[in-house]
J.: 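Questions regarding the structure given below will be posed in turn.
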Amino acid sequence: MDPALDTWDFSSPLISLWINRFYIYLGFAFGFSLWICFQIVIRKQNKNLQEKTTPKASQDLMTNGYVFRPKKEVFVSGVKIFYGSQTGTAKVTSKNVCAFLVATYTDGQPPESAEWFCKWLEEAANDFRFGKTYLKGMRYAVFGLGNSVYVSHFNKVGKNVDKWLWMLGAHRVMTRGEGDGNVVKSKHGSIEADFTAWKAKFISRLQALRKGERKRCRGNCKKGKCESNQRSSEAMEPGSRAQEELHHGDAEEEEPFGSTSEEESDTEDHQSQNSVIDVEDLGKMMDHVKKEKREKELQEGETSVIRSTVKSEASERRAMITPALREALTKQGYQLIGSHSGVKLCRWTKSMLRGRGGCYKHTFYGIESHRCMETTPSLACANKCVFCWRHHTNPVGTEWRWKMDQPEMILKEAIENHQNMIKQFKGVPGVKGERFEEGMTVKHCALSLVGEPIMYPEINKFLKLLHECKISSFLVTNAQFPAEIRDLKPVTQLYVSVDASTKDSLKKIDRPLFKDFWQRFLDSLKALAAKQQRTVYRLTLVKAWNVDELQAYAELVSLGNPDFIEVKGVTYCGESSASSLTMANVPWHEEVVRFVCELVDLIPDYEVACEHEHSNCLLIAHKKFKIGGEWWTWIDYSRFQELIQEYEDSGGSKTFSAKDYMAKTPHWALFGANERGFDPKDTRYQRKNKSKDISGC
């Protein structure tokens with residue numbers, strides 16, 4: 001045997017593969033061929049399936065020698081949500097249709113987070129260099145958030161964004177949604193419910209777009225031509241206006257800013273009947289169109305009158321408290337009365353029942369806090385103050401437009417509800433038995449719970465009923481209803497909230513609904529000056545907002561000439577989406593004292609009289625209440641009831657003044673006393689782990 005062959009090992013795998021390499025090559029080639037055939041079959045099946053699912057109307061058509069290519073279907077692959085919000089109302093977590101959620105802030109302006117975008121969008125929409133196709137291909141939807149009480153600019157930002165996007169060629173996938181913070185007029189009862197309803201429609205629309213579905217045309221689009229009826233329409237030439245309008249045929253409610261009116265559609269119909277019009281017949285045709293236009297306007301006018309009448313009657317019957325509002329206020333501890341009133345137990349009432357001290361009214365005016373009922377005959381207000389501790393859950397409005405309950409019923413149920421809340425403290429540890437019994441008989445009524453009591457049309461009758469029950473009246477108004485202040489019958493003490501001393505700061509802090517809010521504010525102060533009974537300015541200091549306006553405040557004091565001026569540091573009641581107020585805006589008591597002393601230096605007829613450190617509040621009084629070197633800021637409530645009875649018996653001819661029912665102020669209530677306004681009969685309660693008390697919270 002050849003020795004060379006002895007070196008080969010035919011059992012080796014490599015040798016076997018080499019010897020059988022032909023068969024291996026053949027196997028690879030066969031497998032690759034099968035894979036190619038498989039791919040061809042799959043692609044062919046997909047193509048057949050696509051042809052079956054493609055509507056016949058979208059097939060290539062041949063008409064008059066022109067070939068119309070099928071319009072490319074655009075599917076939705078995702079959603080991008082853009083939001084602009086001042087308080088977080090419009091903020092939504094997101095994940096290509098663009099959804100814009102934008103809120104309308106003060107004076108119809110966009111919030112800070114959307115200010116730059118809105119400015120850019122407006123400039124682009126009105127800049128000819130961008131053109132009407134700048135955002136062509138973009139699909140979008142808009143949801144605006146606002147409050148219908150601001151009639152002149154309700155959802156203005158949302159409307160503008162919708163318009164500007166359309167002007168730049170963007171394509172609206174559904175009609176604009178509008179959320180209304182006014183629960184009275186909200187379509188679904190609240191702004192959250194409005195958004196939920198719009199969101200459901202939006203998601204449904206997205207699902208339809210994802211499947212490639214398009215909305216059916218109702219036949220009232222421009223010139224009666226759209227994708228849904230192309231098969232039955234006349235042939236269109238390439239590049240014609242009608243063909244371009246197919247871009248806007250997705251939704252029947254789209255493009256209101258450039259849509260054709262029904263009047264123009266009627267004219268189109270007349271022309272379509274006979275495309276060639278003789279010049280001699282042109283005048284007759286125009287007369288016919290004008291005649292139809294007049295008849296249509298007459299019909300629409302009659303219909304609008306009927307609708308407005310029905311709407312007006314319906315709105316008059318609407319209750320102020322909606323189910324959603326009732327639920328929200330009930331959770332906050334309100335006992336609601338009828339359709340627009342409420343009562344709530346003040347925390348100082350609870351405190352005095354336990355012998356832990358009364359409110360600043362007890363220190364300044366001698367109120368028995370455990371016998372005071374805090375209520376209101378109107379939950380509605382004309383302001384949306386940044387420091388509102390009700391977090392704006394109450395309705396707002398500039399006039400009374402709701403169903404009205406009778407004052408007898410309101411007072412009766414208010415007292416009953418108040419007494420029921422007092423009963424809940426029976427047997428509670430720390431509650432004094434004597435004060436509990438006294439608390440069951442209401443002696444004072446603070447009409448300052450929430451809203452604007454003076455808006456209630458029967459406020460004078462309500463006050464009269466209070467006085468007949470020997471209940472003193474402390475009424476607070478926000479200085480936006482001067483006529484009502486002038487017409488107001490005598491009250492024990494009338495307050496006007498003076499939250500700022502300049503037009504700009506008042507607008508920023510109170511956020512009033514009236515356009516002429518500043519003039520109304522000044523007129524209210526003038527009306528207060530004409531009152532003979534006790535009057536009070538109530539100043540709420542908001543650090544970094546209104547504490548540097550001393551001279552302006554002094555000028556307002558000379559305008560209203562109040563008997564007293566209460567100066568109180570703002571109370572912070574927690575974070576709220578309706579306000580940007582923080583603890584940094586709460587002044588220390590020493591800062592309030594400094595402000596008061598500086599203000600008194602500018603108003604020579606006044607001095608600092610009392611102090612209630614626990615509420616971070618001081619009282620400035622007119623010097624006429626300082627007799628013989630002693631302050632008489634307290635009220636003789638029995639004497640007041642005698643005077644008001646004489647006033648009523650004389651038909652209003654026998655009047656009386658503030659000095660007729662004043663009482664001497666005890667030493668512990670005076671400014672500078674060691675007690676700092678805390679009644680020594682009670683025991684001050686300090687919260688644990690709280691070194692310094694700076695507010696009444």
Side-chain angles (χ1 to χ4, degrees), residues 348 351-352 356-369 474 493 495-498 501 534-543 546-547 549-551 553-554 556-558 560-571 586-636 658-659 661-684 686 692-697:
W348 287 109
S351 177
M352 202 160 188
R356 295 180 176 181
C359 66
Y360 69 89
K361 292 187 183 72
H362 171 63
T363 300
F364 297 168
Y365 316 118
I367 267 187
E368 297 175 79
S369 300
F474 291 76
Q493 190 156 282
Y495 288 78
V496 167
S497 294
V498 182
S501 59
R534 296 168 65 105
T535 58
V536 183
Y537 274 12
R538 188 171 69 170
L539 277 61
T540 301
L541 297 187
V542 185
K543 196 173 180 179
N546 64 355
V547 296
E549 305 172 352
L550 286 167
Q551 186 58 47
Y553 275 119
L556 292 180
V557 170
S558 63
N561 195 29
D563 295 321
F564 306 96
I565 305 171
E566 293 178 2
V567 183
K568 186 178 186 297
V570 67
T571 298
V586 179
W588 293 93
H589 185 65
E590 288 77 8
E591 293 174 314
V592 176
V593 172
R594 188 185 313 118
F595 176 90
V596 168
C597 292
E598 292 176 357
L599 178 59
V600 167
D601 291 339
L602 301 176
I603 46 178
D605 293 333
Y606 295 83
E607 288 184 11
V608 184
C610 301
E611 175 186 25
H612 191 251
E613 183 191 32
H614 197 48
S615 291
N616 198 16
C617 186
L618 285 89
L619 179 69
I620 301 173
H622 197 283
K623 290 181 180 179
K624 66 182 179 182
F625 291 96
K626 193 172 187 179
I627 303 173
E630 296 181 324
W631 284 108
W632 291 64
T633 65
W634 275 36
I635 298 173
D636 185 340
K659 295 182 69 175
Y661 56 102
M662 63 182 182
K664 186 178 178 180
T665 310
H667 180 268
W668 59 264
L670 299 177
F671 177 67
N674 294 331
E675 293 83 358
R676 305 296 293 271
F678 189 85
D679 193 338
K681 294 179 181 178
D682 294 327
T683 303
R684 185 165 183 177
Q686 290 282 5
K692 193 160 190 175
D693 205 336
I694 63 171
S695 70
C697 271

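Residues take their numbers from the sequence shown, with the count starting at 1.
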J.: Which pair of heavy atoms, one from Arg534 and one from Ala658, lies closest together, and at what distance?
T.: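 Heavy atoms of Arg534 and Ala658 come nearest at CG-CB, 3.5 Å.
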J.: Go through it in stages, so that I can follow the logic: the residues are His614 and Thr363, the test is side chain to side chain contact (heavy atoms under 4.5 Å, CB included), and I'd like the CA-CA distance, side-chain angles, deciding distance and then a yes or no.
T.: CA-CA 11 Å; His614 197 48; Thr363 300; over 6 Å; no
J.: Is the shortest side-chain heavy-atom distance between Glu598 and Tyr553 below 4.5 Å?
T.: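 No, side chains not in contact.
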J.: Compare every heavy atom of Ser369 with every heavy atom of Cys359, then report the nearest pair and how far apart it is.
T.: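 So the minimum-distance heavy-atom pair works out to N-OG, 3.1 Å.
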J.: With respect to His362, which candidate in Trp668, Phe474, Phe678 satisfies the ring pair (Phe, Tyr, Trp, His ring centres under 6.0 Å) definition?
T.: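 Checked Trp668, Phe474, Phe678 against His362; only one passes ring pair (Phe, Tyr, Trp, His ring centres under 6.0 Å): Trp668.
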J.: Between Thr540 and Val570 (side chain of the first, backbone of the second, donor and acceptor by atom type, cut-off under 3.5 Å), is there such a pair?
T.: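 Such a contact is absent between Thr540 side chain and Val570 backbone.
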J.: Any idea which heavy atoms bring Asn561 and Tyr537 closest together, and the distance?
T.: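 Here Asn561 and Tyr537 meet closest at N-OH, 4.3 Å.
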J.: Counting only N and O atoms by type, is there a donor-acceptor contact under 3.5 Å from the side chain of Glu549 to the main-chain atoms of Ser501?
T.: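 Flag set: sc Glu549 to bb Ser501 pair under 3.5 Å.
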J.: So, do Lys659 and Trp632 sit near enough that their side-chain heavy atoms are less than 4.5 Å apart?
T.: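 Lys659 vs Trp632: side chains apart.
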J.: Apply side-chain hydrogen bond (donor to acceptor under 3.5 Å, both in side chains) to the pair His589 and Asn616, showing each step before the final yes or no.
T.: CA-CA 5 Å; His589 185 65; Asn616 198 16; 3.1 Å; yes
J.: Please find the pair of heavy atoms, one from Asp682 and one from Arg356, that lie closest to each other, and give the distance.
T.: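 For Asp682 versus Arg356, the nearest heavy atoms are CB-C, 4.1 Å.
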J.: Give me the atom names and distance for the closest heavy-atom approach of Asp563 to Tyr606.
T.: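 Shortest heavy-atom separation between Asp563 and Tyr606 comes out as O-CE2, 4.2 Å.
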J.: Please round to the nearest 0.5 Å and tell me the distance separating atom CZ of Phe364 and atom OG1 of Thr633.
T.: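 Phe364 CZ to Thr633 OG1: 8.5 Å, rounded to 0.5 Å.
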J.: Quick one: CD1 on Ile620 to SG on Cys610, what's the gap to the nearest 0.5 Å?
T.: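 So the CD1 of Ile620 and the SG of Cys610 are separated by 11.5 Å.
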J.: Would a 4.5 Å heavy-atom cut-off, applied to side chains only, mark Val567 and Leu541 as touching?
T.: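 They are in side-chain contact.
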J.: For a 4.5 angstrom cut-off between non-hydrogen side-chain atoms, does Ile367 reach Trp348?
T.: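 Not in contact.
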J.: Say you draw a straight line from CE of Met352 to CD of Glu368; how long is it, rounded to the nearest 0.5 Å?
T.: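 Going from CE on Met352 over to CD on Glu368, the span is 6.5 Å.
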J.: Treating Lys624 as the side-chain partner and Asp605 as the backbone partner, does any N or O pair qualify as donor plus acceptor under 3.5 Å?
T.: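 Flag not set: sc Lys624 to bb Asp605 has no pair under 3.5 Å.
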J.: Centroid-to-centroid, Phe625 to Phe564, below 6.0 Å?
T.: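 Yes, the ring of Phe625 comes within the 6.0 Å limit of the ring of Phe564, centre to centre.
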J.: Quick test of your reading of the model: are Arg538 and Glu566 salt-bridged, counting only N-O distances below 4.0 Å?
T.: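 A salt bridge is absent here (no side-chain N lies under 4.0 Å from a carboxylate O).
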J.: Give me the atom names and distance for the closest heavy-atom approach of Gln493 to Ile635.
T.: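 Answer, listing the atom of Gln493 first, then Ile635: OE1-CD1, 4.0 Å.
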J.: Using 0.5 Å steps for rounding, measure from the NZ atom of Lys568 to the CG atom of Leu618.
T.: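 Those atoms lie 11.5 Å apart.
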J.: CZ of Phe671 to CD of Glu607: how many Å apart, nearest 0.5 Å?
T.: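 Reported value, rounded in 0.5 Å steps: 11.5 Å.
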